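Data block below; observations after.
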Amino acid sequence: MAEIPIVIVIVQRGGPSTGLPTKVEQGELLPTIFGAPGDDPKIVLAAATIEECYQFVITARELAEQFRGPVILLTDANLATGVAPFPRPELSVESMAADIDPSPWPVGVPPYDWDPDTGLSPRPVPGQPGGEYVLTGLAHTKFGKVAYDPHANQIGCEMRSRKLAALRHTLRPPVIRGDDEGDLLIVGWGSTLGAIDEAVERARGEGHSVSSVHLRFLSPLEPGLTEIFSRFRQVLSVEINYSDPVESPPLIRKETRRLSQLARLLRTRTLVDVDSWSNVHGQPLRPGQIYAEIVKRCEALRGVAR
Amino acid sequence: MSHHHHHGDQDDDLLVEDVPRYFTLEDYEGGVARWCPGCGDLAVLTAVQKILRDEQIPPERTVSVSGIGCSSRFPHYMKTYGFHGLHGRALPVACGVKSRRPDLTVWVATGDGDCCSIGAGHWVHGIRYNMDLVIMLFDNNVYGLTKKQTSPTSPIGLQTNTHPGGAILPPLNPIQTTLGFTNASFVAQTVDWNPIHLQATLHAAYKHRGTGFVRILQRCPTYTAGVFEDLVRDPSRLLVLEHEDGIPVADSLRRIFPNRTTHDPSDLAAARALADRTDYVPIGLFFRDENRPCYEEFSERGLNFTAEERLAALEREVDRFLV
Ligand SMILES: Cc1ncc(C[n+]2csc(CCOP(=O)(O)OP(=O)(O)O)c2C)c(N)n1
Ligand code: SF4
Ligand SMILES: [Mg+2]
């Protein structure tokens, strides 16, 4: 568990396995957040637009250095192969990595001097006299030594978990598109932003009580979700990864139906009965499809007495 | 979210810079080595520490990188920067360090399992990248850390936990293999039980511009006690390669090793023929070419840019996308 800053960009394509190699899917959300041996908290964010693909790389680099660990940026085949004009980005020296500081490492400071509240610690960089330490993929103590005693791994895991808590503390709740409360809330992430927005606008224009939020931070999750969800009668994730269709054969029942990935994540965090609508056609979601699902659900919700 | 230390603003830092530093062996000695008594790994550790001391390389400018295995514990016993990473992945990490920090000295410790089984793909490409680092292949013909499984270099018949009836395939010869990789630039073989030859070989690998690949026949008294016994007991089983461009052979070595041959390390075909020999085990420098391309020549570009220069380069990139 080396705790070194690294930015990893995952451009998702269709699965499972080699699946639909050149087609789009958002199937790597849960593997990205959880796919590792043992506990491995990492920062995961997803770009929703081509412009964000640019900006988020800078954000990811800053977070990786500040939090001394991996940051994974999720994009997908839609964003990677799409073209969209956006205003020329304002570049600055501040948005680039600082030069390496070769000055001596302070005497007596261990290489993982975890702050007990935030888990953060400054990082000795090779070349800094006095900072010589060994990074190990094994569990380690704050001195960078292999953790042989049972407590060392417990403490290391707690400290890394605190980093996510610290980042979460600085995040803002997502912006709600539409009213703050109503019948249906759509939750999306990644490249489906445009399609969801268009569908929601159209349905709202026809008087349906629907709003949407689009998440950028998936790990840690943006705050305030439980509270936002509580103001809607139904919460629905819309994404491009597998879920059992609602009309499934008899052995799949409501309580055993496998939901899409964001829905599962949101349920564990909020304890809200989030539903999901998704498919794995390998194609971008079209606004018309989402619109039809919104109308169907809103009409059903209207038919149910409050 | 405060970083509670600001390094670099201590007054005595400046003093440290001004005092000329002299490094002793102790300056390179990390934790107490936890290898078995008689393990050949210790001799390699000592040789590297002596080379660093002789060359007066500051500990902070040295990085030792390893994978997983007994031999990969190497970085923990050095008082330098170190990376003890993932099984088979020492070379990608080492190349990564070197690509952005060509100013650092990089030593890779890898086992016959680490390098020749799980890390074999990285071995091919690490050699081809030919970055300026030393690869020390600790070859004890077995997976030591996991307590005796067959490795690619295990001799036929070696009884292991994975082949209780004896290893069945002919062992891979890492020298033959490496000499076959495109862009190999330094390929040598030595033994842990002759500290003079060991140190001279590692020193030559360190001095080489490019990847210095050294296979070290390494004794593991715990799991492969027998495999090098003949060679240790009977030095005439070894064939010492001599040449003015090769590994220096001290007079004391000449007295020990009766069988020596002149081999010009610029001759790749002859090197390959030597590697094929089964009558003797050759030690020394098989091949060296200082003029092979090194990946640093590419990866170093832009490292010396100031922030303003990098910004200007970025602006030029953005210009290309203007509509
Ligand atoms: C990915 C992975 N696979 C398997 C292992 C188990 N493992 C640890 S060390 C080792 C082999 C070590 O053999 P070698 O590289 O020859 O090193 P030695 O111990 O002999 O020095 C194996 C298979 C592991 N740690 N990680
Ligand atoms: S098992 Fe073998 S290789 Fe490992 S430390 Fe012991 S003697 Fe050395
Ligand atoms: Mg081995």
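Letters A, B, ... are given to chains in the order of the sequence lines, protein chains preceding strands, and every chain is numbered from 1. Quantities reported herein were computed from a predicted structural model and do not represent experimental measurements. Computed over heavy atoms, backbone and side chain alike; hydrogens, waters and symmetry mates excluded.
Atoms CZ and CG, on B:Arg310 and A:Asp99 in that order, are 5.0 Å from each other to the nearest 0.5 Å. B:Arg100 contributes atom CZ, which lies 8.5 Å from atom CD1 of A:Ile100 (distance to the nearest 0.5 angstrom). Here OG1 of A:Thr136 is found 6.0 Å from CD1 of B:Ile68. Values are rounded to the nearest 0.5 Å.
Other residues, nucleotides and ligands place more than 12 heavy atoms under 6.0 Å from the OH atom of B:Tyr28. Within 6.0 Å of OH in B:Tyr22 there are more than 12 heavy atoms belonging to other residues, nucleotides or ligands. Atom CZ of A:Arg269 sits in a sparse spot, with 12 or fewer heavy atoms from other residues, nucleotides or ligands closer than 6.0 Å.
Both the backbone and the side chain of B:Asp319 come within contact range of chain A, with heavy atoms under 4.5 Å apart. At a 4.5 Å heavy-atom cutoff, the contact between B:Leu314 and chain A is made by backbone and side-chain atoms alike. With a 4.5 Å cut-off on non-hydrogen atoms, A:Pro111 does not touch chain B at all. For chain A, no part of B:Pro58 is nearby; none of its heavy atoms comes within less than 4.5 Å. The contact between A:Val125 and chain B is made by backbone and side chain atoms together, counting heavy-atom distances below 4.5 Å. The part of A:Ser92 that comes within reach of chain B is its backbone (N, CA, C, O), which places non-hydrogen atoms under 4.5 angstrom from that chain.
When each of B:Thr306, B:Leu104, B:Asp103 is checked for heavy-atom pairs under 4.5 Å with chain A, B:Leu104 comes out on top. Most heavy-atom pairs under 4.5 Å with chain B, from the set A:Leu91, A:Ile4, A:Val93: that is A:Leu91. Of all the listed residues (A:Pro126, A:Gly144, A:Gly127), the one sharing the greatest number of non-hydrogen pairs under 4.5 Å with chain B is A:Pro126. Interface summary for chain A: among B:Arg73, B:Arg61, B:His76, B:Met78, the most heavy-atom pairs under 4.5 angstrom belong to B:His76.
Identified under the salt bridge (Lys or Arg N to Asp or Glu O under 4.0 Å) test for residues 24-38 of chain B, with sequence neighbours left out: none.
With hydrogens and angles ignored, the 3.5 Å screen pairs no side-chain donor or acceptor of A:Arg88 with any backbone N or O of B:Val318. A donor-acceptor pair is defined here as one N or O able to donate and one able to accept, closer than 3.5 Å; no such pair exists between the side chain of A:Tyr133 and the backbone of B:Lys79.
A 4.5 Å side-chain heavy-atom check between A:Leu135 and B:His84 finds every atom pair outside the cut-off. Residues B:Thr62 and A:Glu132 form no side-chain contact, since every pair of their non-hydrogen atoms from C-beta on lies 4.5 Å or further apart. Residues B:Arg21 and A:Pro129 have side chains in contact (heavy-atom distance under 4.5 Å, counting atoms from C-beta outward).
In terms of heavy-atom proximity, A:Ala2 sits nearest to B:Phe83 at CB-CZ, 4.0 Å.
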